[in-house]
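Working notes, beginning with the structure itself.
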Amino acid sequence: MRILQLHCDYVEYTPVKKEIKSAEDLDPQSKRFEEIVVAFVAVEESDNVDVAKRAITEISESMKKIGCSKLLLYPYAHLSSKLASPTTALLLLQDMEKNAQGLEVHRAPFGWTKSYKLQVKGHPLAENSKSITAGDEKEKDSSSNALKAESKIKSYWHILTPDGKLHEIDKFNFTKHQNLEVLAKYEAAKKRAVDEPPPHVKLMKKLAIADYEPASDAGNMRFYPNGRLMKSLIERYVTDKVMEYGGFEVETPIMYDSHHPSMESYFHRFPARQYSIDSEGKHLFLRFAACFGQFLMAKDFQLSYKNMPLRLYELTRYSFRREQSGELVGLRRLRAFTMPDCHAMCVDMDQAKEEFRKRFELSRDVIKGLGIESEDYEMAIRFTEEFYNENKSLIEEMVAKLGKPVLVEMWKERFFYFVLKWEFNYVDNLGKASALSTDQIDVENGKRYNIDFMDDTNKPLNPIILHNSPSGAIERVIYTLLEKAAKDQREGRKPMFPLWLAPTQVRLIPVKPEFLDYCEKLADKLTENDIRVDVDDRNESVGKSIRDAETEWIRYIIVIGEKEVNSTTLSIRDRKSKDPHNLSVEDFITSIREETKGKPFMRINMGRSVAKRPQIMV
RNA sequence: GCCUCGAUAGCUCAGCCUGGUAGAGCGAACGCCUCGUAAGCGUUAGGCCACGGGAUCGAAUCCCGUUCGAGGCUCCA
């Protein structure tokens, strides 16, 4: 706890507006006190009731020395960078107020922005600062309920290896698992050591994929034609995969009434910050996930155990979370993002577990199809101790399938709505981890949302609900691909996208304008075969055209001149191999179709003519 | 919210410390070149130096304030 104590001639303050949800309710009245000691107090994360008691004792002792018995406790966050949660802080402040014996104590409201004015006396003891921390002595039994609630969600971290053994993080040998170590430190210690923008930010601009939009809010990006194309393809791919698995695609509203009873209770269980909109007396908020839209829909379905598992799927464009401005970097974390969200309502835990396995496979398959290999991500599994003890085999089976150690977070008691959750985390070039695919077993919301189905004895039951995003946010997939490419680049490999996602797959470069006709015909033929091709019809030198194509990461570059026009083979410059090689048009088409098999196709999104494109980024 | 950095041509940036007519590269327009696997050549246009104030004979440059942006910290009293 940090305290700045000032002996004042007078102090006055006015509460201006509430800063946090849990702010105290009160009349925002101005107050003025004279001949008073003002104690600015910051409660820190390790503080407890004992610290509060010692603090108030120390304050009153020093007040005796200066002969003042009037005290104003003034909550003041800015004294520390390791603050306690607001709940705890308020509690301890109230404690201090109560335990101040022989003093006239006032307390400025907690959770409000306040304007204030004070005049500090000129004597040597008028200014004084203290720092009080929890000593070696054990926390006493008198800890408050809020503190107990906090310790309830204390996490126990481990590493689980494919042989089913749990290891202490400190004792685990991370030599062969450096990214897992980064993830473990990142999660368990919440430690980060980054002070530069991640490399994908430059790439997303240079490749004309996405950019910041200053006229919007932070974290709301603009996507240029290349970026929009990539997003469309990924969205189509993920949606196809989920439907193949059995998902029913639906669409639900992006804004909800925060005073609707189903919403109010959910709010407390999902503490993301929202965007809100006031309209015609209603307080609306923008959805931060597709959960409630689908739950409200499922509630109105007439369901029997025969319909289960019921898999509802929505690709939310967008979900909104008002993340803190400092967290928003490039495409890693956004305030508006596209999230594939698939819920499965299951009759019981057995069916939920079976479904859970299927979705684990689905997610692995989807991620792989997106060009993210298993060495690119690290898995984390989180569960309650009880669930682990009853379902060891399920958890061990998943780790065995992944074939490498995973990070484990275990809770003694269930605090969140799920009993089991896993996610794949990509660890980027700066050592930041972000979640891609994820799935959860939710044992709470079936009841909360009054979703019920009839079992085989015609008795209504609430389903267990799985929450899965097989790929994670679409924007984050692009971020991952760009960060991977940046790593390739740094390590001397040529960066590129998976062929099916490349904005341009093939570029034709005529040696002279007279070969343009031939290029057009060839481009027609490739387009007919679902290949994204464009033609560099600018009047530039061949060298310049090739250079530009290379900087756009175009996989196949084909120069068209006399030789090609008069033969059936093409000289193909393949970004993957060093030397140009010759192939017939047919074979070339076959090779591309082979590599992009099973993936969606869209035509080029900036027109075939390179000359007619606007210059988006240099 | 706090801290740090930034705002100069369409883009990326130099100039600022030490005040004295606004610079480069890329891009664009126009022209020449008609080219075989990573930048051919020339000419031209483009700027209220974010906004407001101050000191100065004189400010992109120094001082104060504002706005906007990026990054970091803090789920923030």
Side-chain angles (χ1 to χ4, degrees), chain A residues 1-2 13 15 17-24 40-45 73-94 107-114 116 190-198 201-202 205-206 208 211-219 271-273 321-330 430 432 494 507 509-516 536 538-552 554 556-565 571-575 578-581 611 613-618:
Chain A
M1 180 175 293
R2 284 172 191 271
Y13 65 81
K17 73 171 209 287
K18 281 190 184 184
E19 209 39 77
I20 52 169
K21 250 187 287 175
S22 53
E24 294 177 87
F40 291 100
V41 179
V43 182
E44 298 183 286
E45 56 193 11
L73 286 174
Y74 197 107
Y76 201 76
H78 314 293
L79 295 172
S80 170
S81 56
K82 293 174 294 186
L83 293 166
S85 75
T87 328
T88 314
L90 177 55
L91 232 93
L92 293 185
L93 283 163
Q94 285 166 343
R107 192 167 54 79
F110 182 89
W112 289 70
T113 309
K114 298 175 281 282
Y116 67 93
K190 303 278 177 204
K191 200 175 178 84
R192 299 145 200 217
V194 180
D195 57 354
E196 50 179 318
V201 175
K202 266 199 172 139
K205 295 183 188 202
K206 187 181 85 101
D211 205 348
Y212 300 114
E213 174 51 76
S216 180
D217 188 30
R273 296 175 164 204
R321 294 184 194 174
R322 221 163 41 78
E323 305 285 3
Q324 307 191 80
S325 59
E327 289 286 322
L328 306 168
V329 192
L430 301 176
K432 285 222 183 190
K494 280 191 176 177
R507 170 149 307 161
I509 300 175
V511 173
K512 285 190 275 188
E514 58 184 279
F515 301 118
L516 268 173
D536 191 345
R538 298 172 303 166
N539 191 6
E540 296 286 356
S541 67
V542 173
K544 164 86 170 186
S545 291
I546 286 173
R547 183 185 156 84
D548 287 351
E550 290 281 357
T551 58
E552 285 179 54
I554 294 171
Y556 297 107
I557 301 170
I558 305 177
V559 177
I560 301 293
E562 207 92 32
K563 273 185 284 180
E564 287 71 23
V565 174
S571 166
I572 295 156
R573 187 181 161 116
D574 181 348
R575 196 170 173 78
K578 279 183 193 133
D579 304 312
H581 56 275
R613 287 179 192 168
Q615 188 74 30
I616 295 178
M617 283 292 158
V618 183

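This structure is a prediction, so every number in the text was calculated from the model and none was measured. Within every chain, numbering begins at 1; the chains are lettered A, B, ... in the order of the sequence lines, protein sequences first and strands thereafter.
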Checking base pairs now: Watson-Crick or wobble, both atom distances under 3.5 Å. What partners [N]?
N: B:rC75; value: none
N: B:rG65; value: B:rC51
N: B:rU4; value: B:rA70
N: B:rG42; value: B:rC30
N: B:rC13; value: B:rG23
N: B:rU37; value: none

Exam field: side chain A:Glu564 to backbone A:Gly561, donor-acceptor pair closer than 3.5 Å: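 Between the backbone of A:Gly561 and the side chain of A:Glu564 there is a qualifying donor-acceptor contact (under 3.5 Å).
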
Base versus backbone protein contacts along nucleotides 31-37 of chain B [heavy-atom cut-off under 4.0 Å; B, S, -]: --BBBBB

Rounded distance in Å - [atom1] ([X]) to [atom2] ([N]):
X: A:Ile509; N: B:rA38; atom1: CD1; atom2: C1'; value: 10 Å
X: A:Tyr212; N: B:rG6; atom1: OH; atom2: P; value: 18 Å
X: A:Phe40; N: B:rC76; atom1: CZ; atom2: C1'; value: 17 Å
X: A:Ile616; N: B:rU12; atom1: CD1; atom2: C1'; value: 17 Å
X: A:Arg538; N: B:rG40; atom1: CZ; atom2: C1'; value: 14 Å
X: A:Asp217; N: B:rC68; atom1: CG; atom2: P; value: 12 Å
X: A:Arg322; N: B:rC76; atom1: CZ; atom2: P; value: 12 Å

Locate the shortest heavy-atom distance separating [X] from [Y]; write the atom from each residue and the value.
X: A:Ile557; Y: A:Glu550; value: CD1-OE2, 3.8 Å
X: A:Glu540; Y: A:Ser545; value: CB-OG, 3.9 Å
X: A:Leu93; Y: A:Val43; value: CG-CG2, 4.4 Å
X: A:Lys206; Y: A:Thr551; value: NZ-O, 3.3 Å

Distance (rounded to the nearest 0.5 Å) between A:Asp211 CG and A:Lys205 NZ: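 Going from the CG atom of A:Asp211 to the NZ atom of A:Lys205 covers 4.5 Å.
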
Nearest-neighbour nucleotide for the [X] side chain, [options] considered:
X: A:Gln615; options: B:rA38, B:rA28, B:rA77; answer: B:rA28
X: A:Leu93; options: B:rA77, B:rA38, B:rA28; answer: B:rA77
X: A:Arg547; options: B:rA77, B:rA28, B:rA38; answer: B:rA38

On a whole-Å scale, what distance lies between the [atom1] atoms belonging to [N] and [M]?
N: B:rC2; M: B:rC63; atom1: P; result: 22 Å
N: B:rC11; M: B:rG53; atom1: P; result: 26 Å
N: B:rG31; M: B:rA45; atom1: C1'; result: 15 Å
N: B:rG6; M: B:rU44; atom1: C1'; result: 32 Å
N: B:rA38; M: B:rC26; atom1: C1'; result: 16 Å
N: B:rG1; M: B:rG10; atom1: P; result: 31 Å
N: B:rG36; M: B:rA50; atom1: C1'; result: 49 Å
N: B:rG19; M: B:rC76; atom1: C1'; result: 43 Å

Atom NZ of A:Lys494 with >12 non-hydrogen neighbours under 6.0 angstrom: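 Atom NZ in A:Lys494 is packed in, count exceeds 12.
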
In B:rG46, glycosidic geometry as syn within 90° of 0 or anti otherwise: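 Syn, since the glycosidic angle lies within 90° of 0.
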
5' precedence on RNA chain B between A:Thr551 and A:Val201 (nearest-nucleotide basis):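 The answer here is A:Thr551.
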
A:Tyr116/A:Phe40 aromatic ring centres below 6.0 Å: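 Yes: the rings meet the under 6.0 Å criterion.
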
Charged N-O contact under 4.0 Å between A:Arg322 and A:Asp217: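 Salt bridge: no.
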
